[in-house]
Amino acid sequence: MKLLKSTTKNTAVNAGDVTNNTGNYTMTKRVYLDHAATTPLDKRVLKVMEPYFSEKFGNAASTHFFGEEAEEAVEKAREDIAKAINAKPGEIYFTSGGTESDNLALAGIMRTGKKCEQLVTSNIEHHAIIRTADSLKKEGFETKFLSVNKKGFIQIEDVEKALKKKTRLVSVMHANNEIGTIQPIKEIGEACHKKETLFHSDAVQTVGKEKIDVEKMNIDMLSASAHKFYGPKGVGFLFKREEIKIEPLMFGGSHEKGLRPSTSNTPGIVGMAKALKIGIIEMDEENAREKKMRDRLVKESLEIKNSWINGGFPKIAGCAPLGFDFVEGQSMLLMLSDKGIAASTGSACNSEGLLPSHVLTALGLPRVKCHGSLRFTLGRENTDTDIDYVLEVLPPIVKKLREISPLRGK
Amino acid sequence: MKLLKSTTKNTAVNAGDVTNNTGNYTMTKRVYLDHAATTPLDKRVLKVMEPYFSEKFGNAASTHFFGEEAEEAVEKAREDIAKAINAKPGEIYFTSGGTESDNLALAGIMRTGKKCEQLVTSNIEHHAIIRTADSLKKEGFETKFLSVNKKGFIQIEDVEKALKKKTRLVSVMHANNEIGTIQPIKEIGEACHKKETLFHSDAVQTVGKEKIDVEKMNIDMLSASAHKFYGPKGVGFLFKREEIKIEPLMFGGSHEKGLRPSTSNTPGIVGMAKALKIGIIEMDEENAREKKMRDRLVKESLEIKNSWINGGFPKIAGCAPLGFDFVEGQSMLLMLSDKGIAASTGSACNSEGLLPSHVLTALGLPRVKCHGSLRFTLGRENTDTDIDYVLEVLPPIVKKLREISPLRGK
Amino acid sequence: MFSKKTMEVFRNPKHVGFIKDADGIGRVGNPSCGDIMWVYIKVKQKNGKEILEDVKVKTFGCVAAIATASTVGEIAIGKALDKAIAITEKDIAKKLGGLPKEKMHCSTLSKKGLKAAIEDYRNKKEKAD
Amino acid sequence: MFSKKTMEVFRNPKHVGFIKDADGIGRVGNPSCGDIMWVYIKVKQKNGKEILEDVKVKTFGCVAAIATASTVGEIAIGKALDKAIAITEKDIAKKLGGLPKEKMHCSTLSKKGLKAAIEDYRNKKEKAD
Ligand SMILES: Cc1ncc(COP(=O)(O)O)c(C=O)c1O
Ligand SMILES: Cc1ncc(COP(=O)(O)O)c(C=O)c1O
């Protein structure tokens, strides 16, 4: 989002740099705490991508050695990704990201069925699900949005109640991008399968960060996006069980068995597989590290009066969705940004002025409180020093904004 | 396309290497002549992409400096691309490639209209157009496929005749990927505009290689794919005039004004803009160079008896679509591949066994001749030495295959 | 999105806050929309005219809200009430080097707040008279 | 897509070509489908049995066509006609380490070609008898 028509450029990323010169236009410190929006590409990932840019650059569909080495790389990535989530290679379809995977899953399934059939999802899904559902409704399908409780969790009973004969697909996200709550996916999947209903999960926030086993978790389809787990932007995948038939969103060549035509993005795909591999290897240790930092950030931030945390636990490790009364999120964001701290308010993916986030309103949070939300999401580069810094910078910002806020006497 | 379950790896690209050791499994020479399928990423392009992988990696939609610098880069790329084709920045939409741009253009326009309306296109379009048209027909729209003449050109009179009141969109590719013929786009656009019909052109084979001016050429929508002009794979764009309303293919965030949601692929977009810039600067010189090499390749290849060139002129500079009687393309391809030469037969994007290419059959070529087609497409790394090498290797391959062919006495 | 000037004023808003013994207070906006402003004014007599001696604005709001709040003060201070009441959202936006269309409502709110404060002052004065 | 063995045979097909004074010729396939094979055989008598002394196949076709053409020869040579006529597409594919499903028709064509050549030989012989 463009804030200024022209700004001083700051190119160095020095999250670990402890310099505290935080003048408005000359940040020397940059602390990135918006990992739910996107993550930096891991240098180890870039390294495995590099040969596929200008040397092994062939079209994986071509009949020659250039094509062959590209196809080998793509198929190896497919195997690695399948193994990582306990699926078969033939069940992994490469896409351009989480949004496309979500659209392909929902529209793909519904459009193979009859117009009277129903899609059940939740009211805290990402817009890639909610708006796709809305568009399917316009096409004539039925949709139902499950509510969550105050803590941000779907209740199994609600899923069971919603499951009708006409229900063709249930889609519930694994972890929410705004409040980090991890849904009881295994149980929801079980409930669906009891009624022979298909179950899709948007796992964009958890792939590479939480353990995923599509068998154990009763998942029939799953969406992922590489840039959320330190992989490249513009590539994702959809897992879809072999026996399920879906309609493509796009038509063209016979790539991805015709389900997703277009020349394979070999470097992107190779990078995504590597990023996932690294994510899984380092998962436990990294989650423990982030959780510790997150817990301290939450605890000490909540010492600011009239503050709260959005959504309950379990939450993804690095997620600290806070809220501060009497102040407005965008102003906090920008003041933090001036101090070199990147965070988010509402949903980072779609900031549309002061419309309150649909996720926060789904929790039953009053609108005025929604506006005061501030989400920090930690990641691999963050250190304790970063948290120290946030805890130093944040309280005066809240104080300053409260001083000019009419919602509070003083 | 995978030829072998396991092969010896050849990683060095030495197009300029003159070593002639061409043993089957130990290629020391690699000559890439399949640039219509995909191109290597230009090193200068990779260079401008690099900062956006792991440093300026923000989500362009985020409200902080990381997001801001990403958005600045994306918007700068949009301006550069718009300027390159004489459009406005607000008329450029980023996509995942040519296939998506084609789908978005065709389905996007048709779905805003009534089911009785018509899409007119040609029978030599890429599958991304033809199969999208077929799918729109299934949705209930009318489609009409214009024929080309023996040389591979659309006749203006045919366009004029086809234009009915119910015609909503005409889509004709700028240059064909198999035979390189450049269509009279300006005149086709003019005919459409006279009847107040929208005109889309799939310019995947020409953007960055031929001059494009959407104003002068009467183009309302245009598709492009970065990897065809030495840019990254997995990114493309659609030009769409401001005043035209289209339906999105996918739903989600409000990226690209809601027409193409999903976190922006900043490195890909930045790379595409740079690749286009380089393409335009070097166009005249490079085309002259490729044309010279191509003309020699064609001339000397046609000294092999019972051979021909597919499609007439004008053709894109590097395109040499040849044909040899009595032999089969895939066998030629693989023997060439063994000698380190990458070429293509039929359409590289969709090799489906021995189904003859729809483009070649559209020219009226008998099926058996279609099978004998061999397409060389030259590009930036090719040199005269490569052409020498092909001309040394190709005739014995054709001879060898003819010797075992029943279609010819001797 | 925002002009450099808007960001500057947001970073250092001079006329936000409140006035203890304000002569007039204008409360406008709706907190659930995130739009709310309280405008405080201090009036003095000068050459027989009522002049705005000071303006301070409290706002719960985004960048544009804070910037327009401070700017309405900047423009109004020193002006006669009749002149000040005629300040438009365009005057404020112009001073900020322009505002995005979707943020013009903040400018409108600042204008309305000032107007309400002046009216409040006049009402009080009438009653006192 | 193809096994290593298939590619090897494609690269060095031993039994493709033709036999000048063939005892039987089998012509099968349809050139417009890209599938065509001409199988030439040379028959000799050995211990009172008719044995395939040589087999050569001409083919216009893809990798699998060339590989199966050569392989049908490899399997058939030295076999008695009765045995040779019973060679199946599976035998050929097996020898090649498997063939992709969509390429099995090449194997079928080789088998059919050999059968046609043997029948041609037998027809000729009958007439000569
Ligand atoms: C003319 C034409 N249109 C569309 C495409 C599709 O482009 P992409 O594979 O990048 O989606 C291609 C190439 O594959 C092409 O040559
Ligand atoms: C839960 C969830 N689903 C889907 C998406 C969409 O992913 P992408 O932007 O890569 O298309 C996101 C993030 O933007 C997300 O957080």
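Any value given below was found using the heavy atoms of this structure, including those in side chains, with hydrogens, waters and symmetry copies removed. Each chain gets a letter, A, B and so on, in the order the sequences are listed, and its residues count up from 1.
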For each of B:V74, B:L106, B:L41, tally heavy-atom pairs with chain A at distances under 4.5 Å, and name the one with the top tally.
-> B:L41
Which answer fits B:L46, side chain, backbone, both or neither, if we ask what part of it has an atom under 4.5 Å from a heavy atom of chain A?
-> side chain
Roughly how far, to the nearest 0.5 Å, is the OG1 atom of B:T345 from the NE2 atom of A:H64?
-> 11.5 Å
Just give me the residue among A:G97, A:G234, A:S262, A:A133 that pairs up with chain B most often, heavy atom to heavy atom, under 4.5 Å.
-> A:S262
Taking atom NZ of B:K257 as the centre, report whether more than 12 heavy atoms of other residues, nucleotides or ligands fall under 6.0 Å from it.
-> yes
Contact origin within B:T95 toward chain A - heavy atom pairs under 4.5 Å = neither
For A:Q205, which residues count as a side chain to side chain donor-acceptor pair (under 3.5 Å) partner, sequence neighbours excluded?
-> none
Just how far is it from atom CG of B:L104 to atom CG of A:L249, taken to the nearest 0.5 Å?
-> 11.5 Å
When rounded to the nearest 0.5 angstrom, what distance separates OG in B:S337 from CD in A:E68?
-> 7.0 Å
When every non-hydrogen atom of A:N59 is compared with those of B:T38, the smallest separation belongs to N-CG2, 3.3 Å
Where is the tightest heavy-atom contact between A:A342 and B:F66, given as atom of each residue plus distance?
-> CB-CD1, 3.7 Å
Top contributor to chain B contacts, counting heavy-atom pairs under 4.5 Å, from A:N265, A:I130, A:L333, A:I129 = A:N265
Under a 4.5 Å heavy-atom cutoff, which of A:E50, A:E247, A:H227 has the most pairs with chain B?
-> A:H227
Contact class of B:A70 relative to chain A, heavy atoms under 4.5 angstrom | neither
To the nearest 0.5 Å, tell me how far B:S96 OG sits from A:F94 CZ.
-> 14.5 Å
Determine the minimum heavy-atom distance between A:M250 and B:N103, stating which atoms define it.
-> CA-OD1, 3.2 Å
pair A:K233-B:Y52: side-chain heavy atoms closer than 4.5 Å = no
Looking at A:P248, A:P51, A:G58, A:P232, which makes the most heavy-atom pairs under 4.5 Å with chain B?
-> A:G58
Quick one: CG on A:L336 to OG1 on B:T63, what's the gap to the nearest 0.5 Å?
-> 11.5 Å
At their closest point, which heavy atom of A:F251 faces which heavy atom of B:T99, and how far apart are they?
-> O-CG2, 3.5 Å
Under a 4.5 Å heavy-atom cut-off, does chain B meet the side chain of A:A107, its backbone, both or neither?
-> neither
Could you tell me the separation between the CD atom of B:E139 and the CD atom of A:E139, rounded to the nearest 0.5 Å?
-> 7.5 Å
In terms of heavy-atom proximity below 4.5 Å to chain A, should B:S225 be classed as side chain, backbone, both, or neither?
-> neither
Partners of A:K43 by side-chain contact (heavy atoms from CB on, under 4.5 Å), sequence neighbours excluded?
-> B:S54, B:E55
Residue B:P267 versus chain A: region with a heavy atom under 4.5 Å | side chain
